[in-house]
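As structure tokens, the structure follows; a few thoughts come after it.
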Protein chains: 2
Amino acid sequence: MHKMIKKNKTFIDKLRSSGLRPTNQRVEICKFLFGRKKTFHFTVEELKNSMNLKRLKKISTATFYNTVHALKSAGHLKEFSLDNNTSYYDTNIASHHHFFDNGKVIDIKSDKITFQKLPEAPKGKKIKNVEVVIRLENNN
Amino acid sequence: MHKMIKKNKTFIDKLRSSGLRPTNQRVEICKFLFGRKKTFHFTVEELKNSMNLKRLKKISTATFYNTVHALKSAGHLKEFSLDNNTSYYDTNIASHHHFFDNGKVIDIKSDKITFQKLPEAPKGKKIKNVEVVIRLENNN
DNA sequence: CACATACTTTAGAATAATTATAAAGTAGTT
DNA sequence: AACTACTTTATAATTATTCTAAAGTATGTG
Ligand SMILES: [Mn+2]
Ligand SMILES: [Mn+2]
Ligand SMILES: [Zn+2]
Ligand SMILES: [Zn+2]
């Protein structure tokens, strides 16, 4: 099928542009991360568990960490913090905002939030980006 | 001196309202955290190191963690995330915003940022708070 | 004040997330 | 096919944090 070949090529490009050889393990990780319609927010541990659950031959922890780090360094993933002690990653690399709803993360497109007033950067500095977190709770 | 007695009482009140007896160790931690004019952003490890540096009899790691957790649970400290793997705490418990400048954190008062457009909460949910992080970089 | 008792402090062990190590395996090149 | 650099993996190490349990202290009562 055309689609699958094309997608695999995209994944291989992501790996190559991250300085990584497209090994089996890495291509499968990329498929899992980027072969979906919606943004994916995850921890390395979650990624590892959900991928390895279905496999007879497991991919090692070190490979998950190495691959995620390389993809992040190359700008194919963004890191963020939620609760602490664990790194989260986001397949949406555009600057955008989030709802945080009890450990669940939902993207808010950048243009859904605009500012009336924003402080200036301290002197010698400039603004790299502005990101908003809207924490949710249940009604009533 | 009047001032010092008054301050100690404030610290003791914070501890009592956190369900903690005002032991020496705890009162000194409170002095260190709350006896300053400006907001203090810190990790438990930083707090421990800077306090213990000056003392002959060190306060234990467990006491730092216990005290910080109790103060946080009682609402006298707020927890937040910066880079990952470490919890940060904030003596400013009001809802407010931050500049992040290479590991340095600067408060932005809530009224310095206002919104023109904000998304609605998903149904069944409501907004608990909205906090903004402005990441800085050096000019040029 | 003297005691009892519950709460604290502490050193050290345990855990969770992540990173480092180094031996065995594989991709890309010739 | 052979070479070499890059990869994978199991395992050890590290960092931040939490747990444990023994020894110490705050606080109420007589
Ligand atoms: Mn941690
Ligand atoms: Mn990290
Ligand atoms: Zn996102
Ligand atoms: Zn702050």
Side-chain angles (χ1 to χ4, degrees), chain A residues 8-9 11-32 41-52 55-74 77 79-90 103, chain B residues 8-9 11-32 41-52 55-74 77 79-90 103:
Chain A
N8 266 346
K9 184 173 172 311
F11 303 145
I12 290 173
D13 289 346
K14 280 204 164 60
L15 290 169
R16 286 242 138 88
S17 69
S18 309
L20 297 178
R21 288 183 182 171
T23 62
N24 256 338
Q25 291 94 323
R26 288 170 176 167
V27 173
E28 298 213 29
I29 291 171
C30 281
K31 257 188 235 177
F32 192 89
H41 300 102
F42 65 95
T43 68
V44 174
E45 210 59 24
E46 286 165 4
L47 172 65
K48 184 186 93 176
N49 292 335
S50 43
M51 284 193 66
N52 276 345
R55 329 182 92 240
L56 56 168
K57 174 125 189 23
K58 315 298 187 194
I59 297 173
S60 75
T61 304
T63 294
F64 283 107
Y65 275 100
N66 290 342
T67 305
V68 166
H69 283 158
L71 290 169
K72 184 211 157 189
S73 295
L77 289 174
E79 195 176 0
F80 68 102
S81 286
L82 219 188
D83 53 18
N84 312 70
N85 295 2
T86 316
S87 284
Y88 280 76
Y89 294 89
D90 193 331
Chain B
N8 266 345
K9 184 173 172 311
F11 304 144
I12 290 173
D13 288 346
K14 281 204 164 62
L15 290 169
R16 287 241 138 88
S17 69
S18 308
L20 297 179
R21 287 183 183 172
T23 63
N24 256 336
Q25 290 94 325
R26 288 171 177 167
V27 173
E28 297 213 30
I29 291 172
C30 280
K31 258 188 234 176
F32 192 89
H41 300 101
F42 64 96
T43 68
V44 174
E45 210 60 22
E46 287 165 3
L47 173 64
K48 183 186 93 177
N49 292 335
S50 43
M51 286 193 65
N52 276 344
R55 330 181 93 240
L56 57 168
K57 173 124 190 26
K58 315 298 188 194
I59 298 172
S60 75
T61 304
T63 295
F64 283 107
Y65 275 101
N66 290 342
T67 306
V68 166
H69 283 158
L71 289 169
K72 184 212 158 189
S73 295
L77 289 173
E79 194 176 3
F80 68 102
S81 287
L82 220 189
D83 53 18
N84 312 71
N85 295 3
T86 316
S87 284
Y88 281 77
Y89 295 89
D90 192 332

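We name chains A, B, ... by the order of the sequence lines, and we start the count at 1 in each one.
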- Note on the structure: Between OH of A:Tyr88 and P of C:dA16 the distance, given in whole Å, is 15 Å
- Here the pair of heavy atoms bringing B:Ile59 nearest to B:Gln25 is CG1-CG, 3.9 Å
- Start with the C-alpha distance between A:Ser87 and B:Asn85, add both sets of side-chain angles, then the distance that settles side-chain contact (heavy atoms from CB on, under 4.5 Å), and finish with yes or no. CA-CA 7 Å; A:Ser87 284; B:Asn85 295 3; 4.1 Å; yes
- Message: Using 0.5 Å steps for rounding, measure from the OG1 atom of A:Thr43 to the NZ atom of A:Lys48.
- Response: 10.0 Å
- Phosphate oxygens OP1/OP2 of C:dT18: is one of them under 4.0 Å from a side-chain N or O of A:Ser87? yes
- Message: What is the distance, to the nearest angstrom, from the NZ atom on A:Lys58 to the P atom on D:dT11?
- Response: 16 Å
- Parallel, tilted or perpendicular: which fits the ring planes of A:His41 and A:Phe80, with parallel below 30° and perpendicular above 60°? perpendicular
- Message: Over all strands shown, is B:Lys48 touching base, sugar-phosphate only, or nothing at heavy-atom distances under 4.0 angstrom?
- Response: nothing
- Item | Distance in angstrom units between B:Asn24 CG and D:dA26 C1', rounded | 11 Å
Scan nucleotides 28-30 of chain C against the protein and return all N/O pairs shorter than 3.5 Å with their distances rounded to 0.1 Å.
{"residue": "C:dG28", "atom": "OP1", "partner": "A:Arg16", "partner atom": "NH2", "Å": "2.4"}

- Message: On the nucleotide C:dT19, are OP1 or OP2 found under 4.0 Å from the side-chain N or O atoms that A:Tyr65 carries?
- Response: no
- Message: Can you measure A:Asn49 atom CG to C:dA16 atom P for me and round it to whole angstrom units?
- Response: 13 Å
- Task: Kindly compute the distance separating CD (A:Glu79) from OG (A:Ser73), expressed to the nearest 0.5 Å.
- Result: 9.5 Å
- Nearest non-hydrogen partners of A:Arg26 and A:Arg21, listed with the distance: NH1-O, 3.0 Å
- Query: Taking OP1 and OP2 of C:dT18, is either one under 4.0 Å from a side-chain nitrogen or oxygen of A:His69?
  - Reply: no
- C:dA17 C1' sits how many Å from B:Asn85 CG, rounded? 6 Å
- From CZ of B:Phe42 across to P of D:dA16 the rounded distance in Å is 15 Å
- How many angstroms lie between CG in A:Asp90 and NZ in A:Lys72, if you round to the nearest 0.5 Å? 12.5 Å
- To the side chain of A:Leu20, which of D:dT9, D:dT7, C:dA11 is closest? D:dT7
- B:Asn66 atom CG is separated from C:dA11 atom P, nearest whole Å, by 13 Å
Do any N or O atoms of the protein come closer than 3.5 Å to N or O atoms of nucleotides 12-15 of chain C, and which pairs are they?
none

- Item | B:Arg26 vs C:dT9: side-chain N/O to OP1/OP2 distance below 4.0 Å | yes
- N or O in side chain of A:Thr86 less than 4.0 angstrom from C:dA16 OP1/OP2: no
- Taking all non-hydrogen atoms of both residues, which atom of A:Ser18 and which atom of A:Leu71 are closest, and how far apart? OG-CD2, 3.6 Å
- Task: Take atom CE of A:Met51 and atom P of D:dT8, then tell me their distance rounded to the nearest Å.
- Result: 12 Å
- Item | Any B:Thr63 side-chain nitrogen or oxygen under 4.0 Å from OP1 or OP2 of C:dT8 | no
- Message: Taking 4.0 Å as the cut-off, does a side-chain nitrogen or oxygen of A:Gln25 come that near to OP1 or OP2 on D:dT9?
- Response: yes
- Task: State, with a plain yes or no, whether a side-chain heavy atom of B:Glu45 is found less than 4.5 Å away from one of B:Tyr65.
- Result: yes
- Item | B:Lys57 vs C:dT10: side-chain N/O to OP1/OP2 distance below 4.0 Å | yes
- Item | Of A:Val68, A:Asn49, A:Thr67, A:Thr61, the residue whose pairing with A:Val44 passes side-chain contact (heavy atoms from CB on, under 4.5 Å) | A:Val68
